[in-house]
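These notes are about the structure you will find just below.
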Number of protein chains: 2
Amino acid sequence: MERSIAPFDDRSITFLHLNAAAVAPGGLSDWLARQLRLAISAGRLPVGARLPATRVLAGELRVSRGVVTEAYRRLTEDGHVAGRGRRGTIVVAAPVVARPPVPASPPSPAVFAAEPGADVFDAVRAVPARIDLSPGLPDLAAFPRTAWLRAERRVVADLAPADFGYGDPRGAPRLRLAVAHWLARTRGISVDPGEVIIVAGVAQALGLFAQVLRRNGISKIAVEDPGSLGARQHLRYWQLDTPPIAVDGHLLADLRASGAAAVMLTPAHQFPTGLVLDGERRRELLRWAAAGGLIIEDDYDAEHRYDRPPVPALWSMLPERVCYAGSVSKLLAPALRVGWVLAPARYRDDLVDAKRFADLGNAALPQLVLAELMDSGDLERHLRFLRPRHRRRRDAMIQAIATHLPGAVVHGAAAGLHLMVTFDPGFADTDLAAAALARGVKVQPLSWHRQRPGPPGLVLGYAARTPTDIADGIAILGSVPRSGLPG
Amino acid sequence: MERSIAPFDDRSITFLHLNAAAVAPGGLSDWLARQLRLAISAGRLPVGARLPATRVLAGELRVSRGVVTEAYRRLTEDGHVAGRGRRGTIVVAAPVVARPPVPASPPSPAVFAAEPGADVFDAVRAVPARIDLSPGLPDLAAFPRTAWLRAERRVVADLAPADFGYGDPRGAPRLRLAVAHWLARTRGISVDPGEVIIVAGVAQALGLFAQVLRRNGISKIAVEDPGSLGARQHLRYWQLDTPPIAVDGHLLADLRASGAAAVMLTPAHQFPTGLVLDGERRRELLRWAAAGGLIIEDDYDAEHRYDRPPVPALWSMLPERVCYAGSVSKLLAPALRVGWVLAPARYRDDLVDAKRFADLGNAALPQLVLAELMDSGDLERHLRFLRPRHRRRRDAMIQAIATHLPGAVVHGAAAGLHLMVTFDPGFADTDLAAAALARGVKVQPLSWHRQRPGPPGLVLGYAARTPTDIADGIAILGSVPRSGLPG
């Protein structure tokens, strides 16, 4: 590395034109180390150059000698300069700088043109739109920032050092207890906290279930049709077949015909139709499960309901035949990536293994903050705050649809964060979604969530938007001439 | 659900002996709803019971009628009571309570008796010990709590609502940029931030690499012997063979003989031996990779070094043949579950898919807090604070070994958070670890990390313990009569 030694040019007024006058006294070493690194990486101090003696540079910059010694020490530790005894301190390697980001290609509004691929939701998210009526989000502007920070302060103050280490892959005991209480309160589920496993949201839950079922010889999981495209993509990624079954009276007949040993359902609020699994089908389904079938219960937004009492979770009826998944994504924020699963005893060890080898368990701090929010009542207060807000937004959307989308039929508006509209056949809903996006309004075509043909429709999220945005967005949707779209 | 209606017993002085006098005015509805839920779930208000009229109960409790109305509203929303017109408000369903946790079986100190299973690290963690000298942890007591909370406050204040939604599965752009700068500064890696993928620690990184390599036809990854048991378990979980290769001069010969198309290495600081991959083997290895081999570079603790300059990452020599993984586990805390990977362009899309279908991407808040700590210089300051602290602890351990473990050979103490000692053959190191644990000292037997036979030894973490604990722990280790252990 070492080359011939270029002496420091003493004719310059100050070394590298450095001027320490404007630097806060406490940050002088930081500043000097940074300036020297910049000079080395820019080639102004090439490999082989000698730095001034600490005494000389300190005098020149009018700083204490300790400031210079400390800056040189850091560069030495980083391997950029090295002491060479009487020959002084020499530059031996240039710091590397991060490359500037290559500009990403601009997001394409043609996302609705092709069959949706694995990255379709990322692609849609990347397209800018003035009004985003995508489903799946609660009112994110209402995220309880103050309560979150207050809880985090308490948690960080109370934490033992060992809590910052590796933890139980099943989750922090305190959160598992808080979730057991939460599920009892909000979902009528009576569960031992030791059976709760904390995961990174329902998406991870589906992946873990899929891995465990595959390892137990199940290769096919029937899914609702229409049913969540995202959930189906997750199961398929884990190499499970996903035969479609109806969400109406034909559910059980379709399920039996599919030959699948397992079925994934959204019983409390079917996605995207908003149907509630009624008593008759519920009983049939439980009989099917009791006879050897397995149910995956995706309880994604069960806390949100407006005009009806809660629907009990299937898990509480037949815990040994139901894998249950829920999360805070629709309650607080998807960005938290915290959820929970309950599973039949015979799958639990495999599930813990799957979670361990996925990521060794969720991060500790957000788990404990969430437990604090659950225990303190803050989360329940937040839900109570959200409900009337969401209800007003839903009402605004229904009103706007009645005004601007005559002929559209509204489905499933009694609960949740979205509703579904269907139209008379005669056009492709992907074309309607594309035309809306071209006008600045983002919506999801119903056909994305279908495996078998059906009337065109849209899935519209209302919870995350203001009534004004909702009214404007639906008016723009209404302005798209559907008769002009290809059939 | 509805049964005969039991009228409220008007003879009791106050309904359910409720007394609102000690309740803060703002919390009256919370309190009343909770009391009523408790009474219903305990059977004191059975299904079918009628609640007092709101006016009556308000008068009795001396609270405003709105307090009672609000409490009844919440119970109605939860589905526990229902309005029945002129018949009043009736209990229709009892709230469910969480089951008490089943006491876990006490952790067994026999963890060293059997072959280590998938849950061995969890099992060891669960055994209490007075002095824990397990490797793999930085000084967790030094976690920068104040800086973390300060950064989190700034992040939460600045966040747009959309940042609480679903994010880019590759990670938050701000953290990817900060990591690119961090890798340039500390690891001599020059990378476009667009190529950085944020993951949940090196454990998840290995799982994602394993999945992607399997999907690309690689079924065997050679691993160092001795080498990390944990890392090997992760690869095996994902159904990869892990043939062992030497960590000395035979590395390349073993690698070629293994027939593996990929190898996992810890070049900057071999785990557990602490060796640095020397120039000669480094050149041989890069030639092997350039001819079609693939290297997985586990850069798990490269920031920690005491008596030597940094070793450049292999990734920077041959980025198209190296999958690189690093994390903040050894820098800040494993409990944060944040790491990063760099990968050859041809694997990058598969890797993003694997991360998306693992968990849709890391949680947003901790990513942004970490970016803030990196950008503000707080993380670098923390590292500078840790270095002399860790060095003192290492020195304390070396000194204690010289005093209490005569005959033990110390390896790899110039860097990292642990060191390795080996002994003359003649006993099983798992027996030594078991005897130490029985005396309250937790250590890892070297044989756990071996696939082929070799001299007994221990892997000893020093960074997370005080010099006093280290000296005491090593003295206790020295008190175990090794000659009495079975050979």
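So you know, we letter chains A, B, ... as the sequences are listed, proteins then strands, and number each from 1. Note that these values count all heavy atoms, side chains included, but never hydrogens, waters or copies made by symmetry.
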| At their closest point, which heavy atom of B/D122 faces which heavy atom of A/P169, and how far apart are they? | OD2-CG, 3.2 Å

| said: Taking side chain as everything from C-beta outward and backbone as N, CA, C, O, which of these in A/T186 sits under 4.5 Å from a heavy atom of chain B? Side chain, backbone, both or neither. | reply: neither

| task | Please flag which part of B/A160 lies under 4.5 Å from any non-hydrogen atom of chain A: side chain, backbone, both or neither. | result | backbone

| field | Toward chain B, the part of A/A358 with a non-hydrogen atom under 4.5 Å | value | backbone

| What residue, out of A/A172, A/G167, A/P312, has the most heavy-atom pairs lying under 4.5 Å from chain B? | A/G167

| field | Side chain, backbone, both or neither of B/L159 within contact of chain A (heavy atoms, under 4.5 Å) | value | both

| query | Given the options B/Q367, B/R187, B/H181, B/R145, which has more heavy-atom pairs under 4.5 Å with chain A than any of the others? | reply | B/R145

| request: Go through B/R356 and A/F121 one step at a time and tell me if the side chain to side chain contact (heavy atoms under 4.5 Å, CB included) criterion holds. | output: CA-CA 11 Å; B/R356 176 188 297 116; A/F121 294 106; over 6 Å; no

| Part of A/R34 within contact of chain B (heavy atom distance under 4.5 Å) | neither

| request: Could you tell me which residues satisfy side-chain contact (heavy atoms from CB on, under 4.5 Å) with A/L149, sequence neighbours excluded, listed by chain and number? | output: B/E152, B/R153, B/V156

| remark: So, the part of B/K330 with a heavy atom under 4.5 Å from chain A: the answer is side chain

| task | Name the region of B/D349, side chain, backbone, both or neither, that has any atom closer than 4.5 Å to a heavy atom of chain A. | result | neither

| said: Between A/A180, A/G165, A/G377, A/A157, who has the most heavy-atom pairs with chain B when the cutoff is under 4.5 Å? | reply: A/G165

| task | Give the minimum heavy-atom separation between B/Y237 and A/Q211, together with the two atoms involved. | result | OH-OE1, 3.7 Å

| query | What residue, out of A/D119, A/L183, A/D139, has the most heavy-atom pairs lying under 4.5 Å from chain B? | reply | A/D119

| task | Just do the side chain to side chain contact (heavy atoms under 4.5 Å, CB included) check on A/L365 and B/W148 with the steps written out, would you? | result | CA-CA 11 Å; A/L365 286 181; B/W148 180 273; 3.5 Å; yes

| query | Minimum heavy-atom separation for A/A363 to B/L336, with atom names? | reply | CB-O, 3.4 Å

| Heavy-atom pair of closest approach, residues B/P366 and A/P366 | CG-CG, 4.1 Å

| task | Please state whether the side chain, the backbone, both or neither of A/R236 comes within less than 4.5 Å of a heavy atom of chain B. | result | neither

| query | In terms of heavy-atom proximity below 4.5 Å to chain B, should A/E70 be classed as side chain, backbone, both, or neither? | reply | side chain

| Should A/D30 and B/R381 count as an ion pair when the cut-off is N to O under 4.0 Å? | yes

| field | Selection from B/G207, B/A118, B/G79 maximising heavy-atom pairs under 4.5 Å formed with chain A | value | B/A118

| query | Hey, which of B/G136, B/S190, B/A162, B/A364 has the most heavy atom pairs under 4.5 Å with chain A? | reply | B/S190

| What residues, two or more places apart in sequence or in another chain, satisfy ring-ring contact (aromatic ring centres under 6.0 Å, His included) together with B/W315? | none

| task | Could you check which of B/P193, B/A354, B/A82 has the highest count of heavy-atom pairs closer than 4.5 Å to chain A? | result | B/P193

| note | Bottom line for B/R215: the part with an atom under 4.5 Å from chain A's heavy atoms is side chain

| field | Straight-line distance of A/R384 CZ to B/S29 OG, nearest 0.5 Å | value | 8.0 Å

| query | Can you say whether the rings of A/F164 and B/F143 are parallel (under 30°), tilted (30 to 60°) or perpendicular (over 60°)? | reply | parallel

| query | Pick from A/Q204, A/E380, A/R185, A/H80: which one has the most heavy-atom pairs with chain B under 4.5 Å? | reply | A/R185

| message | Which one wins on heavy-atom pair count under 4.5 Å against chain B: A/A141, A/G201, A/A94? | response | A/A141

| request: Under 4.5 Å heavy-atom distance to chain A, tell me which part of B/S41 shows up: side chain, backbone, both or neither. | output: neither

| remark: dist A/R305:CZ -> B/E77:CD (nearest 0.5 Å) comes out at 6.5 Å

| said: Let's test your reading of the structure: which of A/L140, A/D163, A/T76 forms the most heavy-atom pairs below 4.5 Å with chain B? | reply: A/L140

| query | Which atoms of A/L137 come close to chain B, meaning under 4.5 Å heavy atom to heavy atom: side chain ones, backbone ones, both, or neither? | reply | side chain

| said: Only pairs of heavy atoms separated by less than 4.5 Å count here; which of B/A464, B/A142, B/S316, B/G188 has the most with chain A? | reply: B/G188

| request: With a 4.5 angstrom heavy-atom cut-off, could you sort out which part of B/E195 is near chain A: side chain, backbone, both or neither? | output: side chain

| said: If you compare all heavy atoms of A/R125 against all heavy atoms of B/D168, which two are closest, and at what distance to 0.1 Å? | reply: NH1-N, 4.1 Å

| field | Pair B/D359 + A/R337, salt bridge at N-O below 4.0 Å | value | no

